[in-house]
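Chain letters run A, B, ... following the sequence lines, proteins first, then strands; residues in each count from 1.
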Amino acid sequence: MYPSRFRYEAPRSLDDAIALLQAGQGEAKVLAGGQSLVPLLKLRFAAPELLVDINNLPGLDYHRVDPDGTIRIGALCRHATLERSPLLVERQPTMAAAAPLVADPLVRNRGTLVGSLCHADPQGDWAAVVTALGGRVVAAGPRGRREIPIGEFVTGPFENALRYDEIAVEAVIPASKGQPAGGYLKLERRVGDFATAAAAVALELSGDVVTRAGIALCGVGPSTIDATDAGRALTGRTLTAAAIEEAADLAAAAAQPRTDHRGSAAYKRQVVRTFVTRILRNVVSTAERAA
Amino acid sequence: MTALDEIKIGGLGASRRRVEDNRFIRGKGTYIDDIVLPGMLHMEILRSPVAHARIRSIDTSKAWEIPGVRLVLTGDMMATRNLAWMPTLSYDTQAVLATDKVRFQGQEVACVIADDPYIAKDACEAIVVDYEPLPAIVNPTQAMAPDAPLIRDDKENQADNIAFHWQVGDKEGTDRAFAEADVISKISLHYPRSHPSPIECCGSIADFDRATGKLTVYLTTQAPHIVRAAVAMVAELPEHMIRIVSPDIGGGFGNKVPVYPGYVMSILASILLERPVKWIEDRTGNLISTGFGRDVYLDGELALRRDGRILAVRMHTTSDHGAFFGDAQPSKFKIGLMHSAFSCYDIPYAYLSATGVYTNKAPGGVAYRCSFRVTEAMFFQERMIEAAASDLGMDPAELRRINLVRDDDFPHRTAWGFLTDSGQYGRCLDVALEAIGYEEFRRQQAQAREAGRLLGIGISTMTEPLGAGNSREYDILGIKMFDSAELRVHLTGRAILRTGARTQGQGHETTWAQIVAHELGIPADDVLVEEGDTDTAPFGMGTYASRSTPVAGAAVAMAARKVRAKARKLAAHLLEVSEEDVEWELGRFHVRGAPDRGVTIQECAMAAYANMPDGLEPGLEASAYYDPPNLTWPFACYVVTVEVDPETGVWDVLNVVAVDDCGVRINPMVVEGQIMGGLTEAYAMASMQFITFDAEGNCIGSNFMDYLLPTAWETPGFELHEVVTPCPHHPIGAKGVGECATVGGPAAFVNAVLDALKPFGVRNIDMPLLPDRVHEAISRRRDVSGAPPVRTD
């Protein structure tokens, strides 16, 4: 690949990295997994003056659970780590379902969850998952740290709320108050393709009653779509066939798909409806099996 | 003295490990970009961002100002050297660098030669081209519209966008048969445009040495001798001072047969600068500008008797060749070997008419893992058969069985004049149906339908013509399609073999040595195979269209037999008997009636250098130029089962059974690899892989995110079976096989999905059968076309 000329720095501390971004005055880009940035450089769609490679920063490759159940994912935690994480299988079914569906195995070996959130691709898997879970992003800058709710962090297609001298260092998934349940389904034409449509469903259950429901969609709008009406329709109810159908219809209605080479708008809505239905039915049958 | 075990010495039938893999899996292959010459410069091409536009001006002044830039070439500069245009392999012309207009997105407009590729790329971005946009034509319907803008206004006497009209067959006889038919089955199909996408893109390093006058070009080519001939004729350089070297090739699949503008530019640049010039194409350049495959529309009709006998076939094809008619194919067949369709069926009458058109799309029409349009021919054939079975209410396996050529009917002359010579078609079909469990699957399918599940089974049977020539009928630009081999046995009994073919993954380095082992008893490990250097290899037409084994492979056997004939003289001398009293067994001559008195082939080799009889020329080598008497006709039957998800249109492959009869198998493992690769590409065509264009002529598929190649992740598993009917005219009984599964496979996948959709009355969905198309067909209960229809009748 022959990108435009750029300067490359690989600092060994977060402070140094932030200082470099500050000096870059908005002409610097952070390089973590590089799975979105490097193709953009190759195609010369992006031509930053400076790349700040954060892969040498210590202590950012974690994912862990706080005693209260909050899940924290560091900026250098790779998709592949999450794919193989017993912790997610045990604690967070929506994330566990999504992790193996992110891109392809090669991308998963390098790419990061936090980097995916920063890239803010409307077809990004993690943005939908973190939205359904009501997560946050921790930004570190010269003025310290701040937490940004995911709905405010993604400000548009390929745009995020970070200031030019800030680095997203962590994603935070709030502790589940009930029994976590849910899933993630994606239709792609081929492994590694962007989603034709995908749905993330994150529930908290008390017995068989839904106490919290987040449903988010990717690939079917100009940005990640938070299908709040669909989630609200489930809250306080058991997952009856009628409740599932209502939520699936509301999720399909929330989608804003466009007809393109991946399919017609009507088709993508239908896929959203099917996926939300299938995830919710699977929650029911999993619960029935457990009982 | 025990007889040599042919399998142990790596002879015919041995699944010998591929010797070339030793270097490939260690990362020690030498591909074009691995070659670095002293003082080498780097070339980058500026391509047109638009599909159709007049060039008002090209300003290269800013590019020249960038330090490290050595040369900027434009069409006008090429024109002063009479190199702005070059001939294609189909007697058309193609722009090297655009002068008047650009005619497709990605067309070469200028190039920069600089000290490194970064500088060259920066300089390309500094070139300012002023385009006056023209309406883009992106399909044959638009091309043939009465008021369509003229694409090829560079050509004298070209008043429309028609590249050719062509026809073959018995029109009147076919018309009569149709008049007498009980049932006429019609279907219109599109085989979409796709791209071979070898993992290594194209490239060249031209190295002109002023002192010696010699031009050496390292080039990604499947046919180095054709390139040498083309350079000699187009560039008017003396042929003996041109050396084309085809190094390790990272896949070709037909994409590396044509001569591309980038090659020509790098050659001219090296001559002008007197330094080596390297051009390495990037992926987008490869996808949007080099030889594509397919893009043919069919209106097909079968005349049938109610009992299922096919009385006649009528086909009209409309093919989209892009801006320049550059099909790489035998020159006298305008739509390749399309008329080899239906060769496996016994049909008395057939007629084909073909129209080729120009559009504002990339030129090419290469035989993508295909013997010149046979991929389209066999796909159309098997889709027409499936539609006819549906129209007759007949089981599709039964309709095939009724019409397949029978074993005792060979040699069989097809209605279009081909001569098929051997096969056991019915047996292949039986083996395939047995392996898939046809009857049982039909029962499961019926039960599943009751439960709302959609299962389907699809069959494809076909024979195809592989191994062009013979020289009477097959030539490229007048050069006859034979091939060659040159075998030199050294004094210790080791040997070097060179052929006019060029392996690009087919495994010649392994399998040619096995033919020598079979003919001479020299262990395959003792034979070095070398191809691709025109200074050392004998003249040949290269490797494509599954022609290596049928033609060059035959030449290897014939050269080895010549060596054996000479070795016999040496054996007679060593054994002190007359030549007539010497008998051959594998690897050894012995005295007739006294098997213990013998000499090995290695002893004969030593004698050729150290102990030759008076009057016998020293040395032990031979060359053979082989002109095959006929094509070879492998047969295959592919059967696929699928399940379709009615809610999303996603279909999963349940089973794939492949029965291939490619005659004698030189190396079964290599053959199986070819079949699996071919089936993967068949699945790709059926499911996802195509290149399309928007209304402005922008290529949708200019990178591997948009142009979908299946990965190991989604590619199904394959169950392979074999039937062996030796080729009656090939020296070792082999037939071509490299492309059978790519050619015959796609229809099996498509037929399976459409079989699953039978309850919905869906007769056709154009490839690729993407989930949204399948879902649309289910939800609207109608056929789904992936492309605008073309009707010329």
What part of [X] gets closer than 4.5 Å to chain A, counting heavy atoms only: side chain, backbone, both or neither?
X	answer
B:Glu714	side chain
B:Glu776	neither
B:Pro771	both

Task: Toward chain B, the part of A:Pro3 with a non-hydrogen atom under 4.5 Å - done: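 Contact with chain B: backbone and side chain both.
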
TODO: Could you tell me which portion of A:Arg273 (side chain, backbone, both or neither) has an atom closer than 4.5 angstrom to a non-hydrogen atom of chain B?
DONE: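 For A:Arg273, there is no contact with chain B at all, as no heavy atom is under 4.5 Å.
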
Task: Distance (rounded to the nearest 0.5 Å) between A:Thr274 OG1 and B:His775 NE2 - done: 6.5 Å

[atom1]/[X]: more than 12 non-hydrogen atoms of other groups inside 6.0 Å:
X	atom1	result
A:Lys29	NZ	no
A:Glu245	CD	no
A:Phe194	CZ	no

Task: Ion pair check, A:Arg44 and B:Asp122, cut-off under 4.0 Å - done: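 Result for this pair is yes, salt bridge flagged.
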
TODO: Start with the C-alpha gap between A:His261 and B:Asp706, add the side-chain angles, then the distance that decides, and say whether side-chain contact (heavy atoms from CB on, under 4.5 Å) holds.
DONE: CA-CA 9 Å; A:His261 57 284; B:Asp706 293 324; 4.1 Å; yes

Open item on the list: Please give me the minimum heavy-atom distance between B:Met688 and A:Arg189, naming the atom from each residue.
Closed with: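 Looking at all heavy atoms of both residues, the closest pair is CE-O, 3.7 Å.
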
TODO: List the atom of A:Phe275, the atom of B:Thr648, and the distance in Å for their closest heavy-atom pair.
DONE: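 Closest pair (atom of A:Phe275, atom of B:Thr648, distance): CE2-CG2, 4.2 Å.
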
Task: Close side-chain approach of B:Trp713 and A:Pro105, heavy atoms under 4.5 Å - done: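 The answer is yes, as the side chains (C-beta and beyond) meet within the 4.5 Å cut-off.
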
- [ ] Return the option, out of B:Val650, B:Leu708, B:Asp116, with the maximum number of heavy-atom pairs under 4.5 Å with chain A.
- [x]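 Ranked by heavy-atom pairs under 4.5 Å with chain A, first place is B:Leu708.
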
Task: Option that, when pairs with chain A are counted at under 4.5 Å, heavy atom only, ranks first among B:Ile700, B:Asp694, B:Asp645, B:Thr284 - done: B:Asp645

- [ ] Would you confirm whether A:Tyr2, through its side chain, and B:Ile119, through its main-chain N or O, come within 3.5 Å as a donor-acceptor pair?
- [x]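 Not a single qualifying donor-acceptor pair exists.
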
- [ ] Output yes when a side-chain donor or acceptor of A:Arg190 lies under 3.5 Å from a complementary backbone atom of B:Thr711, and no otherwise.
- [x] no

